[in-house]
Amino acid sequence: MLASSAASSAVVIYNTSLSNITSTFDAAIIATGSTVTTAQVVSGQNVYDYIDLDGNAATVTVTRTGTGAAASPSGGYSSGGESLSGSVWNINPGGSAGGGVGGLPDIPGYTSGLTFTFSSPVNAFGFEVGDWATCCFTNTRPANVQAAYGVPAGGSGLWIAFDGGAATLPANAFTFTDNPGYAERFSFNNFIGAIDDSGFFNAVTFWGDGWGEFLVAGGTLRFASVPEGSIGPQPVPEPGTLALLGLGLAGLGALRRRKLQA
């Protein structure tokens, strides 16, 4: 589990193996008295139903970030004898840069990503990732991106932006073992998730910048609306984790959106 540098922060980012999803991301949600909603990704389907915090029917729609077109998943992904739990979207890093807000520079690979749009806001969301950290560790990020977002010069990164706000880099690999799935069982599968109990959001954009990777996302989508202030202070992580997150989470915390009334 990755947490922000301040022990009192309410924003928690998860980068874990598939076997640890229920004991980390799910467990944190359940501990607040909330329910984890799951939607298995199905080939050809880009709209998924869920029940919001007020008990109303809602949907999450998945589109291609670069074009806004419906994103249709297909097939699946397996590695090291372990398979993602549903179909996947191919988001191999490419395309052009984008995603810079408030004067921040654009980030390579942005337009090859996915945007998940919720009709009723949530504040916890995660999904499975395949084929990350298989290669492409020597890519060099533009100097202005390094400086503005406080990220390393190299590595294969996974980026997330909430509600069109400032992006953060919750995972960055310099070697195969930086993928928690590979470190655990030699499988290039992992889970990326986030919980922010001080607000709610309507959209999440996800992309990678490890040019040359065959990167996929999908499996099973997991989301929830936890009560505000229910997660509480998180433990301060190891220094290596802090170096990965840096200024990104601070930008995320400053750009939260209040929950809309159903």
Side-chain angles (χ1 to χ4, degrees), residues 39-50 58-77 84 86-122 125-132 134-136 139 141-142 144-145 148-149 151 156-172 190 192-194 200-223 248 251-252 255 257 260:
Q40 186 180 42
V41 179
V42 178
S43 290
Q45 182 176 333
N46 82 305
V47 180
Y48 298 88
D49 299 327
Y50 67 100
T59 58
V60 54
T61 302
V62 190
T63 55
R64 291 290 176 183
T65 302
T67 64
S72 296
S74 63
Y77 180 81
L84 299 188
S87 293
V88 298
W89 290 276
N90 182 343
I91 55 170
N92 51 300
S96 58
V101 297
L104 293 173
D106 289 342
I107 301 167
Y110 176 82
T111 59
S112 66
L114 299 170
T115 296
F116 301 83
T117 303
F118 297 87
S119 63
S120 182
V122 299
F125 179 58
F127 46 86
E128 299 164 30
V129 176
D131 203 71
W132 174 62
T134 57
C135 68
C136 315
N139 295 314
R141 298 186 177 97
N144 60 346
V145 170
Y149 295 92
V151 297
S156 173
L158 301 179
W159 291 85
I160 294 180
F162 293 81
D163 273 344
T168 185
L169 184 70
N172 193 52
N190 62 304
I192 292 290
F200 295 80
F201 50 83
N202 287 90
V204 180
T205 300
F206 174 74
W207 72 101
D209 67 1
W211 296 80
E213 279 194 323
F214 176 76
L215 182 66
V216 299
T220 297
L221 308 181
R222 315 177 87 84
F223 38 92
L252 170 59
L255 288 159
R257 177 172 294 182
L260 304 179

Undergrad: So, using side-chain contact (heavy atoms from CB on, under 4.5 Å) as the criterion, who are the partners of Gln40 when residues are at least two apart?
TA: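 Thr220.
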Undergrad: Restricting to pairs with a member in residues 58-71, which pass side chain to side chain donor-acceptor pair (under 3.5 Å), not counting sequence neighbours?
TA: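 Of all non-adjacent pairs touching residues 58-71, those that pass side chain to side chain donor-acceptor pair (under 3.5 Å) are Thr65-Thr115.
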Undergrad: Is a donor on one side and an acceptor on the other found under 3.5 Å between the side chain of Asn90 and the backbone of Val216?
TA: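 A pair under 3.5 Å: no.
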Undergrad: With Phe125, which residues qualify under ring-ring contact (aromatic ring centres under 6.0 Å, His included), at least two apart?
TA: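 In terms of ring-ring contact (aromatic ring centres under 6.0 Å, His included), with neighbours along the sequence ignored, Phe125 is linked to Phe116, Phe118, Phe127.
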Undergrad: How long is the span from the OH atom in Tyr149 to the OG1 atom in Thr168, to the nearest 0.5 Å?
TA: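 Tyr149 OH to Thr168 OG1: 10.5 Å, rounded to 0.5 Å.
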Undergrad: Atom CG in Asn202, atom OG in Ser119: separation rounded to 0.5 Å?
TA: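 Rounded to the nearest 0.5 Å, the CG-OG separation comes to 8.5 Å.
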Undergrad: Between Ala71 and Asn46, what is the shortest heavy-atom contact and its length?
TA: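 It is O-CB, 3.0 Å.
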Undergrad: Find the distance between CZ (Phe223) and OH (Tyr48) and round it off to the nearest 0.5 Å.
TA: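 It comes to 10.0 Å.
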Undergrad: Mind checking salt bridge (Lys or Arg N to Asp or Glu O under 4.0 Å) for Asp209 and listing every partner two or more places apart, or none if nothing turns up?
TA: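 With sequence neighbours excluded, Asp209 shows a salt bridge (Lys or Arg N to Asp or Glu O under 4.0 Å) to Arg141, given in chain and number order.
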Undergrad: For the residue pair Ala58 and Ser120, what are the closest heavy atoms and their distance?
TA: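 Ala58 and Ser120 have their closest heavy atoms at CB-CB, 3.9 Å.
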Undergrad: Write down the atom of Ala217, the atom of Leu114, and the distance for their closest heavy-atom approach.
TA: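 Nearest heavy atoms, Ala217 then Leu114: CB-CD1, 4.3 Å.
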Undergrad: Tell me the closest heavy-atom pair linking Ser156 and Cys135, and the distance in Å.
TA: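 Heavy-atom minimum between the residues: CB-O, 4.0 Å.
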Undergrad: Measure the spacing between CD of Glu213 and CG of Asn139 and express it to the nearest 0.5 Å.
TA: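 The distance works out to 8.5 Å.
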Undergrad: Indicate yes or no: at least one non-hydrogen side-chain atom of Val129 is less than 4.5 angstrom from one of Phe206.
TA: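 Sidechains of Phe206 and Val129: in contact.
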Undergrad: Working to the nearest 0.5 Å, report the span between CG of Leu158 and CG of Leu169.
TA: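 Taking CG in Leu158 and CG in Leu169, the distance rounds to 7.5 Å.
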Undergrad: Indicate the atoms forming the closest heavy-atom contact of Tyr50 with Val60, along with that distance.
TA: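 Taking Tyr50 first and Val60 second, the nearest heavy atoms are CE2-N, 3.7 Å.
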Undergrad: Ser74: which residues meet the side-chain hydrogen bond (donor to acceptor under 3.5 Å, both in side chains) condition with it, sequence neighbours left out?
TA: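 Applying side-chain hydrogen bond (donor to acceptor under 3.5 Å, both in side chains) to Ser74 gives none.
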Undergrad: Measure across Ala167 and Trp207 and return the closest heavy-atom pair with its distance rounded to 0.1 Å.
TA: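 Looking at all heavy atoms of both residues, the closest pair is CB-CH2, 3.7 Å.
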Undergrad: Using a 3.5 Å cut-off and no angle test, enumerate the donor-acceptor pairs between side-chain atoms of residues 94-110 and protein atoms at least two apart in sequence or in another chain.
TA:
| unit_1 | atom_1 | unit_2 | atom_2 | d |
| --- | --- | --- | --- | --- |
| Ser96 | OG | Thr111 | OG1 | 3.3 |
| Asp106 | OD1 | Gly100 | N | 3.0 |

Undergrad: Nearest 0.5 Å please: distance from the CG atom of Leu215 over to the CD1 atom of Ile91.
TA: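 CD1 of Ile91 is found 4.5 Å from CG of Leu215.
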Undergrad: So, Trp132 side chain and Ala171 main chain: donor-acceptor pair closer than 3.5 Å or not?
TA: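 Pair absent, no side-chain N/O of Trp132 close to backbone of Ala171.
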Undergrad: Take Val204 and Ile160, measure what side chain to side chain contact (heavy atoms under 4.5 Å, CB included) needs, and give me the verdict at the end.
TA: CA-CA 7 Å; Val204 180; Ile160 294 180; 3.7 Å; yes
Undergrad: Using side-chain hydrogen bond (donor to acceptor under 3.5 Å, both in side chains) as the criterion, list what pairs up with Ser87, not counting sequence neighbours.
TA: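 side-chain hydrogen bond (donor to acceptor under 3.5 Å, both in side chains) check on Ser87 returns Ser43.
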Undergrad: Check the pair Val62 / Trp89 against side chain to side chain contact (heavy atoms under 4.5 Å, CB included), numbers first and verdict last.
TA: CA-CA 10 Å; Val62 190; Trp89 290 276; 3.7 Å; yes
